[in-house]
Amino acid sequence: MAVTDGAVAWLGDAGDAPRADRVLPGDGALLTPAFVDAHVHATATGLALTGLDLHSRSSVAEAVDAVAAAHRTAPPGVLLGTGWDETGWPEGRRLTRADLDAVVGDRPVYLARVDVHSATVSTALLDRVPGVRGLPGFSADGQLRLDAHHAARQAAYGAVAAPQRAAAQAATLDAAARLGIGTVHEMAGPEVSGAEDLRALLALAAGRPGPRVLGYWGELAERGGLDLVRELGLAGAGGDLFCDGALGSHTAALSAPYLDRPDTAGALRFETAQLVDHVRACTAAGIQAGFHVIGDAAVDQVLDAVGVVVGELGVAAVRACRHRLEHVEMTGPEAVERMRAWGMVASVQPAFDAAWGGDAGMYAERLGVERALGANPFADLADAGVALALGSDAPVTPMDPWGGVHAAVDHHERASGLRPFDAFDAATHGGWHAVRAEHPAGPLAPGAPADLALWATADTLSAVLAGRARPGCSGLVVAGRVLPL
């Protein structure tokens with residue numbers, strides 16, 4: 001392969017290769033397109049990589065011990081952590097602010113649950129958020145959901161100083177490069193990270209060798225969301241535009257109540273008319289819209305909104321935008337058909353099923369076995385012709401592109417798993433299709449951007465996929481530039 005001006009220029013027999021200024025020897029490596037992680041939160045991921053990561057804590061006591069240790073060693077300021085999951089904890093409960101106050105005193109602490117749709121905070125952080133005690137989702141024990149959680153999260157991440165933020169973002173991009181990820185889709189928004197965080201990330205990525213960052217901004221058009229999309233040249237007006245929450249926090253919007261909490265079916269966060277206005281504004285401007293939807297009620301609400309705009313502006317205008325649904329964990333045949341007909345993209349996270357799916361996982365506890373096994377229907381989407389892009393939603397689950405491919409194939413419900421090459425394609429080429437920038441002849445064809453990964457294995461791609469291997473990345477090229485690993 002020859003690369004010129006950042007693009008694949010030639011493919012053929014080595015003896016016929018054109019002259020090159022630099023030769024990168026393969027040494028028997030497997031050459032593939034670089035991975036695209038289609039759903040990342042770079043700052044939060046970097047803070048987890050460099051700070052307090054609670055994913056492996058197996059009890060309240062272990063989590064509290066980790067908080068105490070971080071309190072002793074971390075620099076002054078808000079203490080941030082993520083990844084705790086009370087499922088299976090022997091205490092049978094979540095963290096409370098009393099747990100935190102006992103070991104941190106008057107220090108502000110924000111600890112996101114693994115799904116990042118609820119958190120436990122210390123009293124000192126609550127005191128920094130005016131009016132939080134009157135918001136939906138507030139609990140006096142410091143366990144916050146819904147609007148109260150969003151307000152506390154904004155306050156916590158807003159307190160991160162610029163040097164700490166830059167270090168966290170760099171850590172994420174460096175980790176992505178080592179994993180063979182050439183591009184990440186950053187899912188920013190006013191309730192996630194903030195405009196200044198996104199500006200800083202885009203500037204950092206543009207000024208250093210490393211994976212490229214394609215940004216999304218999740219804010220309704222009626223609130224000025226399209227202004228930032230235009231200003232920064234973002235990929236779309238969506239991503240984590242939260243139409244509902246998450247299953248683990250009982251905030252995903254369902255058509256029928258939760259099995260383990262029959263008094264709730266979650267909640268929709270917007271009126272359908274607001275979503276219609278957003279899809280209409282995006283479609284008229286040729287801008288891609290996107291929505292966070294996990295529960296079936298949220299999926300159906302967004303599709304109803306898109307359907308209104310199809311009736312107003314025509315199916316061709318809607319299809320041209322490739323509007324995205326993020327997560328889309330619960331859906332049925334009618335919804336899948338509407339997605340196909342309207343050219344929409346399903347941005348999915350196979351690691352969710354690997355972590356919480358099956359007949360004995362957290363989803364079964366929340367939904368019952370039948371609904372749990374029907375979640376994340378990747379094969380139904382792919383077989384219907386809905387375009388798929390794979391992502392991690394890091395830090396919810398770690399960046400692990402090979403693991404995501406394997407999880408898509410090895411679904412807990414066998415009939416919902418993808419064929420190996422379809423999964424790999426969704427993790428590479430699918431990410432480019434999702435931003436409307438795929439090369440028509442394929443990601444390794446002449447003319448395609450030279451985003452390439454070399455893998456330290458003598459095996460073919462078929463062998464790697466069949467053997468569920470996670471080969472090490474021995475070389476990464478982004479836009480024709482060889483990156484240091």
Side-chain angles (χ1 to χ4, degrees), residues 1-38 173-185 202-215 233 235 322 387 389-390 399 401-402 405 420-467 469-485:
M1 175 180 289
V3 172
T4 302
D5 296 330
V8 177
W10 173 88
L11 287 170
D13 185 82
D16 300 325
R19 182 178 178 183
D21 296 325
R22 180 179 182 183
V23 176
L24 183 66
D27 295 328
L30 169 68
L31 175 68
T32 74
F35 282 114
V36 177
D37 192 321
L173 297 181
D174 289 344
R178 292 191 295 270
L179 293 166
I181 299 170
T183 298
V184 299
H185 297 180
L202 295 174
L204 176 73
R208 70 194 295 274
R212 71 167 59 75
V213 175
L214 302 178
R322 290 187 196 168
L390 302 193
M399 292 185 296
W402 283 112
V405 169
F421 275 95
D422 289 343
F424 184 81
D425 184 66
T428 51
H429 192 230
W432 287 107
H433 179 90
V435 294
R436 302 185 292 176
E438 78 282 4
H439 191 269
L444 296 182
D451 279 33
L452 314 167
L454 286 166
W455 303 97
T457 174
D459 292 332
T460 64
L461 180 57
S462 298
V464 170
L465 291 170
R470 280 179 169 84
C473 183
S474 60
L476 183 65
V477 178
V478 175
R481 186 174 186 176
V482 182
L483 303 186
L485 298 181

Sub-4.5 Å side-chain heavy-atom contact between Val477 and Leu454: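 A side-chain contact under 4.5 Å is absent here.
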Full working for side-chain contact (heavy atoms from CB on, under 4.5 Å) between Trp455 and Cys473: CA-CA 5 Å; Trp455 303 97; Cys473 183; 3.6 Å; yes
Closest approach of [X] and [Y], non-hydrogen atoms and distance?
{"X": "His185", "Y": "Ala434", "result": "CE1-CB, 4.2 Å"}
{"X": "Pro471", "Y": "Thr457", "result": "CB-CG2, 4.1 Å"}
{"X": "Gly442", "Y": "Ala448", "result": "O-CB, 3.5 Å"}
{"X": "Leu11", "Y": "Met1", "result": "CD2-CE, 3.4 Å"}
{"X": "Pro18", "Y": "Ala2", "result": "CG-CB, 3.8 Å"}
{"X": "Ala235", "Y": "Val435", "result": "CB-CG1, 4.2 Å"}

Nearest-0.5 Å distance that lies between atom [atom1] in [X] and atom [atom2] in [Y]:
{"X": "Arg470", "Y": "Leu179", "atom1": "CZ", "atom2": "CG", "result": "10.0 Å"}
{"X": "Asp37", "Y": "Leu214", "atom1": "CG", "atom2": "CG", "result": "11.5 Å"}
{"X": "Arg178", "Y": "Leu476", "atom1": "CZ", "atom2": "CG", "result": "12.0 Å"}

Quick one: salt bridge (Lys or Arg N to Asp or Glu O under 4.0 Å) pairs with a partner in residues 436-449, sequence neighbours left out?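 Counting only pairs at least two positions apart or across chains, the salt bridge (Lys or Arg N to Asp or Glu O under 4.0 Å) contacts touching residues 436-449 are Arg322-Glu438.
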Please collect all salt bridge (Lys or Arg N to Asp or Glu O under 4.0 Å) contacts where either partner lies in residues 473-485, sequence neighbours excluded, each pair once.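 Matches after skipping sequence neighbours: none remain.
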Report all side-chain donor-acceptor pairs from residues 420-430 shorter than 3.5 Å, counting only partners two or more places apart or in another chain.
residue	atom	partner	partner atom	Å
Asp422	OD2	Arg419	NE	2.9
Asp422	OD2	Arg419	NH2	3.0
Thr428	OG1	Phe424	O	2.8
Thr428	OG1	Asp425	O	3.4

Answer yes or no: are there more than 12 heavy-atom neighbours, outside Asp21 itself, under 6.0 Å from its atom CG?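 Counting other residues, nucleotides and ligands, CG of Asp21 stays at 12 neighbours or fewer.
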Exactly one of Thr183, Asp451, Ile181 should register a side-chain contact (heavy atoms from CB on, under 4.5 Å) with Phe35. Which one does?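 Going through Thr183, Asp451, Ile181 one by one, the side-chain contact (heavy atoms from CB on, under 4.5 Å) with Phe35 is satisfied by Ile181 alone.
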Take Leu30 and Leu461 through the side-chain contact (heavy atoms from CB on, under 4.5 Å) test and state the conclusion after the steps. CA-CA 7 Å; Leu30 169 68; Leu461 180 57; 4.3 Å; yes
